[in-house]
Participant: 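Encoded as structure tokens, here's the structure I'll be asking about.
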There are 2 protein chains.
Amino acid sequence: MGTRRRPLIRDVAGRAGVSLTTVSLVLNGKAGANIPAETQARVRAAAKELGYRPNAMARGLRRQRSDTIAVISDEIATTPFAGAMLQGAQDAAWATGRVMLLVNTGRDVNLEARAVEAMLDHHVDAVVYARMHHEVVDPPAGIRDVPAVLLDARTASGDLPSVVPDEAAAAFAAVGYLAGHGHRRIAFVNTSDPGPAAIERLEGYRLGLSAHGLAADPAMIALGDYGDTPSGFAAALRLLDGDNRPTALFCFNDRMAMGAYRAILLRGLRVPDDISIVGFDNMEQIAPWLDPPLTTMQLPHYEMGRWAVEHVLAMLDGPSTVTPRLPMQMRLPCPLVERRSVGPPTA
Amino acid sequence: MGTRRRPLIRDVAGRAGVSLTTVSLVLNGKAGANIPAETQARVRAAAKELGYRPNAMARGLRRQRSDTIAVISDEIATTPFAGAMLQGAQDAAWATGRVMLLVNTGRDVNLEARAVEAMLDHHVDAVVYARMHHEVVDPPAGIRDVPAVLLDARTASGDLPSVVPDEAAAAFAAVGYLAGHGHRRIAFVNTSDPGPAAIERLEGYRLGLSAHGLAADPAMIALGDYGDTPSGFAAALRLLDGDNRPTALFCFNDRMAMGAYRAILLRGLRVPDDISIVGFDNMEQIAPWLDPPLTTMQLPHYEMGRWAVEHVLAMLDGPSTVTPRLPMQMRLPCPLVERRSVGPPTA
DNA sequence: CTGAAAGCGCTTACAG
DNA sequence: CTGAAAGCGCTTACAG
């Protein structure tokens, strides 16, 4: 460990018999036609032989950019979606030779403020402020000192660029898919948590119904209190036990769908023979393993992560074109992942 | 964005009417008794009023440390454990005022090599080389240029410090727990993937059996090919259909346990009345939601992440004491999470 | 075509 | 007790 000293630019200059300037110019591709090919080759050879790589701190200090981007998230530890979002962000950062600084705040506002400070201390080129669940947020002021975009989150006023899932379109598509299979009594097992996801999916659900000439029946909507498996179970049970039982269930998420499966089983019914189900999230740990495997709307976590840093990097390059008066509010589509929980209605 | 210039140390020196030296000394707590309290107060006030914070790149360049640690992982996007590991790593880094550079390689050796280079370019103070599943690895040589520890991974020779779950102890404990409930025919639904987890758990299982005076019956071990739900289902089915059916199943992971539940249900049996089950992983998305909720061994992801950076940071501070001839090979315990899938045997 | 010099923003001997 | 100066390792006008 720490064996021999890392070579410096002066080492390669010495070995190539040129000045520091020449080395820097050549290695940064700014030599152009000014420096003879032979010299350039000599410099490159020397650099390669020594295994020279510029010190990012020195270079960053001088160029006033760190080749670093910050991702500030809220609860990485407790959501299985985090990885995909981070992967998308990283891939985009990496594509520009940048490295990703990650800090997770656990929704602690105090810690969050300190995290932003720390990121700015390190002079990150840009920041991505992320939530693990689509949310309306009021991010710490500091992030505005630098190009910033909101990931799976947006401000109430839309004064910062953001990328979120197109919840309404997804719900609309789910209803359309079910209607396309012939269902006319399509229930919505929603969460009572009044976030953008619940609100916008409800809207999409309603739009979907009317687009297919189906009446919106309040009895076809059941709310699960916590958005978890038991609450999905309970909500589905109410739906199944009501009169005019639905033939299809659109569930707020895969966990609730898992509860719905249980309710259906308990009532001696079968998926999809008696009841069709469409979930939401495409949770890798659940959806493929349910019996039968669950058809569900996929949240575009990877794509959102990627979009966020691509956009924030674009802001960095061309503030004029990419930072118009109105910050971009991007909605990414949620593809339908077809498995085996939907069939034609029997009743 | 980019509104007003970030204040520099010279700004606070100007405002406080002292030299840069004095400001630096005071702000870094190296003023001691040399600088009168009054002056110190003036400096601090000036710094606060201006909102001064040192430029981490400049400071890093000068001090030859970046206050940064690198985490290099393999497949963050596809495993729900990633978050907890990263959270543990971050918390430990954060506790020392350091920030975490994350790069995920997708198990691409080429990318991995480049990632290490990039991290070293940024002069990270230390690197944590992580796997999402306990594995024997041969990490890129570059990480040895800096204090490094392996997270949820180890080298064949043990020449790098590492932290992994104590697989054998966990399996031993699981068998003990089952035996404590009176079970004597305890089967092991293992994975056929020959990693350290499978091997060491098998060992622990055998030790557990003999510690409780139970015979090791080869017919009590079934292998699932992929370690997923269907393979758990199939393996459990074989066990249930064999003669001398087990009264308890210890499963390699929660996904396989989920498959086992299905097999048990299919055979008209019940958990835990007819068959008790202990899983592994404590997957938040599965274990609590199974019916009945699954008793399982928890993988200490958070703790491992935390230990890894704490240890690597300790190496940084006191190489002599913490980097003995033999790099530390840490095994962290996997606590048993008691839920409702285990009861006394009936048969 | 190539090099000497300044400077990015700090910290830290060193001097007084 | 405090400051002027050197230096961390680069890049980039500027000069020749």
Participant: Starting from the 5' end of DNA chain D, give me the residue, A:Arg53 or B:Gly17, whose nearest nucleotide shows up first.
Facilitator: B:Gly17

Participant: Whole-Å distance between D:dC10 P and B:His122 NE2?
Facilitator: 13 Å

Participant: Using Watson-Crick or G-U wobble geometry with both distances below 3.5 Å, tell me the partner of C:dG16, or none.
Facilitator: D:dC1

Participant: Scan side-chain atoms only and decide if A:Gln90 and B:Asn104 contain a donor-acceptor pair under the 3.5 Å cut-off.
Facilitator: no

Participant: Of the nucleotides C:dG9, D:dG9, D:dT11, which has the atom closest to the A:Arg62 side chain?
Facilitator: D:dT11

Participant: Can you tell whether the side chains of B:Arg44 and B:Glu38 come within less than 4.0 Å, N to carboxylate O?
Facilitator: no

Participant: Ignoring hydrogens and angles, does a donor from either the side chain of B:Thr21 or the base of D:dA4 sit under 3.5 Å from an acceptor on the other?
Facilitator: yes

Participant: What nucleotide, of D:dG3, C:dT11, D:dC10, holds the atom closest to the side chain of B:Val18?
Facilitator: D:dG3

Participant: Do A:Asp11 and A:Arg5 meet the salt-bridge criterion of a basic N to acidic O distance under 4.0 Å?
Facilitator: yes

Participant: Phosphate oxygens OP1/OP2 of C:dG9: is one of them under 4.0 Å from a side-chain N or O of B:Tyr52?
Facilitator: no

Participant: How many Å lie between CG on A:Leu61 and P on C:dC8, as a whole number?
Facilitator: 9 Å

Participant: Quick one: A:Asp121 CG to C:dC10 C1', roughly how many Å, whole number?
Facilitator: 13 Å

Participant: So which nucleotide from C:dT2, D:dC10, C:dC10 ends up closest to the side chain of A:Ile35?
Facilitator: C:dT2

Participant: Figure out the CG/C1' separation between A:Asp11 and D:dG9, and round it to whole Å.
Facilitator: 11 Å

Participant: Given D:dT11, C:dC10, D:dT2, which nucleotide is nearest the side-chain atoms of A:Asn28?
Facilitator: D:dT11

Participant: Rounded off to whole Å, could you give me the CG-to-C1' distance for the B:Asn55 and C:dG7 pair?
Facilitator: 14 Å

Participant: Before accepting this row, confirm whether a basic side-chain N of the pair A:Asp74/A:Arg131 lies closer than 4.0 Å to the acidic partner's carboxylate O.
Facilitator: yes

Participant: Using the side-chain heavy atoms of A:Leu20, tell me which of these nucleotides is nearest: D:dG9, D:dT11, C:dG3.
Facilitator: D:dT11

Participant: Find the distance B:Leu25:CG to D:dG3:P and express it as a whole number of Å.
Facilitator: 11 Å

Participant: Under 4.0 Å, heavy atoms only, any strand: does B:Thr22 hit a base, just the sugar-phosphate, or nothing?
Facilitator: sugar-phosphate

Participant: Ignoring backbone atoms, test whether B:Thr39 places a side-chain nitrogen or oxygen under 4.0 Å from the OP1 or OP2 oxygen of D:dC1.
Facilitator: no

Participant: Can you tell me if A:Ser19 and A:Thr22 form a side-chain donor-acceptor pair at under 3.5 Å?
Facilitator: yes

Participant: Does a side-chain N or O from B:Lys30 land closer than 4.0 Å to OP1 or OP2 of C:dT12, or not?
Facilitator: yes

Participant: Can you measure B:Ile9 atom CD1 to C:dG7 atom P for me and round it to whole angstrom units?
Facilitator: 18 Å

Participant: If I compare all heavy atoms of A:Trp94 with all of A:Val99, which pair ends up nearest, and what's the gap?
Facilitator: CZ3-CG2, 4.1 Å

Participant: Side chain of B:Pro36: nearest nucleotide among C:dT11, D:dC1, C:dC10?
Facilitator: D:dC1

Participant: From the list C:dC8, C:dG3, C:dT11, which nucleotide is the closest neighbour of the side chain of B:Arg63?
Facilitator: C:dT11

Participant: Would you say B:Gln64 places a side-chain N or O within less than 4.0 Å of OP1 or OP2 belonging to C:dT11?
Facilitator: no

Participant: Can you check the A:Arg10 CZ to C:dA4 C1' distance for me, whole Å?
Facilitator: 16 Å

